[in-house]
Amino acid sequence: MITVTRISKGKGPFYQVDLSEGDALRVSEDILVRYRLLKGQELTDETLQEIRKSSGFDFGFQQALNYLSYQLRSEKEIRTYLKDKEINLEDRNKIVERLKELDLINDLVYGESFVRTNVRLSDKGPKKLAQQLQQKGLKPEIIEQALFQYPDTDQQTIAMQVAEKLYHKNHGKSHKELIRKIQQNLLTKGFTQEAIQQAIANLPQEVDQEQEYDLLVIQGEKLWRKNLRFEPKKRKMKIKQSLYQKGFDLEMIQRFITEKEEECE
């Protein structure tokens, strides 16, 4: 029969119970009391098995409580955490159920809190938040309900703020390319088409023709130097294509090429 040789305080709320066979158990105070564990006590194989089983649950439960003490977690996050802590599947299931009973795991509460925090602190749209909640294991119907915390008015305000910020960071782009970049950025951040259209409509629509041409010249000069190795006809075609892809007006492009040809002559 196996005997308890020593009991000492371990990390956190746990105790270490050393056994005569050289093994050690990590148990909670509750298990110490429940099984009346004392130095010199003899344990049957059956009792030892019960203690081991209870210890796994207790240890995992305390680890989960500690993990939850920092912030709210989704059920999937808790399950992944317990798995990483090498808690067996049976105990993981029991721990999750117990945490649900105590209302310490609630994916709807988690989802709503996640959405409210991101509306307040981030520049992400609802589609992006839905993707992130899906990655955290929330079910589609719960995600849909959680997104009620993201009103359309807030989405439109945030989308407009993002669009205006990007608009004023114009680094040599044509008006058309800048608008295209802003649209793509808003789409990537997860805003709806309606919010994107409204944000774009809120930006200045009139193009300063001289400023636009100045930007074209800067881009055009780079392209002219880059394509000097080509014969004139091919060079002209390549520059036209590149500037058009950058969103510049064809009439302006032709004006630049004509001026460069006259300069070279």
Side-chain angles (χ1 to χ4, degrees), residues 1-118 121 129-149:
M1 194 171 285
I2 297 170
T3 306
V4 176
T5 59
R6 184 170 177 261
I7 298 176
S8 56
K9 188 72 174 72
K11 282 188 176 182
F14 297 99
Y15 291 82
Q16 180 168 312
V17 178
D18 295 319
L19 304 174
S20 56
E21 64 172 4
D23 200 1
L25 300 173
R26 181 169 41 188
V27 302
S28 64
E29 187 173 356
D30 177 62
I31 290 178
L32 277 181
V33 174
R34 194 189 318 164
Y35 290 94
R36 299 175 184 176
L37 296 176
L38 299 167
K39 183 179 177 180
Q41 181 181 352
E42 293 183 339
L43 302 173
T44 65
D45 288 341
E46 185 180 353
T47 302
L48 190 57
Q49 191 175 350
E50 285 179 13
I51 292 172
R52 288 185 192 280
K53 195 171 182 181
S54 299
S55 298
F57 172 85
D58 274 13
F59 176 70
F61 187 68
Q62 289 297 328
Q63 290 292 310
L65 288 177
N66 183 58
Y67 187 51
L68 282 162
S69 68
Y70 300 103
Q71 65 183 65
L72 291 175
R73 309 286 182 180
S74 68
E75 180 179 334
K76 181 184 177 183
E77 286 178 321
I78 290 289
R79 288 186 178 278
T80 301
Y81 179 78
L82 291 173
K83 186 178 180 181
D84 290 343
K85 291 292 181 181
E86 299 181 349
I87 306 300
N88 66 56
L89 180 59
E90 184 181 353
D91 285 334
R92 293 203 300 268
N93 290 335
K94 287 180 182 177
I95 291 165
V96 167
E97 287 309 308
R98 181 63 180 142
L99 291 171
K100 284 182 177 179
E101 288 170 9
L102 296 169
D103 205 27
L104 293 174
I105 292 180
N106 185 320
D107 276 358
L108 177 57
V109 171
Y110 174 87
E112 289 178 338
S113 174
F114 181 88
V115 172
R116 283 194 300 269
T117 300
N118 275 276
L121 300 177
L129 298 188
Q131 288 174 0
Q132 291 179 322
L133 288 174
Q134 187 178 21
Q135 290 168 357
K136 291 177 183 293
L138 273 65
K139 294 176 181 176
E141 59 271 23
I142 292 179
I143 294 173
E144 186 178 354
Q145 199 170 342
L147 286 173
F148 285 132
Q149 303 298 314

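Basis for what follows: all heavy atoms, side chains included, without hydrogens, waters or symmetry-related copies. Bear in mind the structure is a predicted one, so any value in this text is a computation, not a measurement.
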> Side-chain contact, heavy-atom cut-off 4.5 Å: Gln49 with Thr44?
no
> Could you check whether any side-chain heavy atom of Gln62 comes within less than 4.5 Å of a side-chain heavy atom of Leu65, counting everything from C-beta outward?
yes
> Are any of the side-chain heavy atoms of Leu48 and Leu19 separated by less than 4.5 Å?
yes
> For the residue pair Ala146 and Gly111, what are the closest heavy atoms and their distance?
CB-C, 3.6 Å
> A side-chain contact here means heavy atoms from C-beta on lying under 4.5 Å apart; do Asp107 and Lys139 qualify?
no
> Measure the spacing between CG of Leu82 and CG of Asn88 and express it to the nearest 0.5 Å.
10.5 Å
> With a cut-off of 6.0 Å (strictly less than), are more than 12 heavy atoms of other residues, nucleotides or ligands near CD of Glu21?
yes
> Looking at Lys9 and Phe14, what are the two nearest heavy atoms and their distance?
NZ-O, 3.6 Å
> For Glu101, look at atom CD and say whether over 12 heavy atoms of other residues, nucleotides or ligands are found less than 6.0 Å away.
yes
> If you draw a 6.0 Å radius around CD in Gln16, do more than 12 non-hydrogen atoms from other residues or ligands fall strictly inside?
yes
> Is there a donor-acceptor pair under 3.5 Å between the side chain of Arg92 and the backbone N or O of Ile87?
yes
> Do the non-hydrogen side-chain atoms of Gln145 and Leu108 ever get within less than 4.5 Å of each other?
yes
> Is there a side-chain contact between Tyr110 and Lys136, using heavy atoms and a 4.5 Å cut-off?
yes
> Supply the atom-to-atom distance Ile143 CD1 to Leu129 CG, rounded to the nearest 0.5 angstrom.
10.5 Å
> In sequence, state the C-alpha distance, the side-chain angles, and the governing distance for Asn93 and Arg79, and then conclude on side-chain contact (heavy atoms from CB on, under 4.5 Å).
CA-CA 8 Å; Asn93 290 335; Arg79 288 186 178 278; 2.8 Å; yes
> Does any part of the side chain of Ile78, heavy atoms only, come nearer than 4.5 Å to the side chain of Leu68, both counted from C-beta?
yes
> Centre of Phe59's six-membered ring, under 6.0 Å away, within 45 degrees of the axis: is that where NZ or CZ of Arg26 sits?
yes
> Would a distance-only check, ignoring hydrogens and angles, find a side-chain to backbone donor-acceptor pair under 3.5 Å from Thr80 to Lys76?
yes
> Arg52 and salt bridge (charged side-chain N to carboxylate O under 4.0 Å, His left out): which single residue from Asp45, Asp58, Asp23 fits?
Asp23
> Are more than 12 heavy atoms from other residues, nucleotides or ligands located less than 6.0 Å from atom CG of Asp84?
yes
> With distance as the sole test, does Thr5 use its side chain to make a donor-acceptor pair with the main-chain N or O of Asp18 at under 3.5 Å?
yes
> Between CG of Leu138 and CD of Gln132, what distance do you get to the nearest 0.5 Å?
12.0 Å
> Working to the nearest 0.5 Å, report the span between CG of Leu133 and CD of Gln135.
9.5 Å
> To the closest 0.5 Å, what do you measure between OH (Tyr67) and CG (Leu99)?
12.5 Å
> Just so I know, are the side chains of Lys94 and Arg98 near enough to count as touching, which here means a heavy-atom distance under 4.5 Å?
no
> Is there a donor-acceptor pair under 3.5 Å between the side chain of Ser74 and the backbone N or O of Gly137?
no
> Quick one: pull up CG in Asp91 and CD in Glu86 and give me the separation to the nearest 0.5 Å.
13.0 Å
> State whether Lys53 and Glu50 are salt-bridged, where the test is any N-O pair (Lys NZ or Arg NE/NH1/NH2 against Asp/Glu carboxylate O) under 4.0 Å.
no
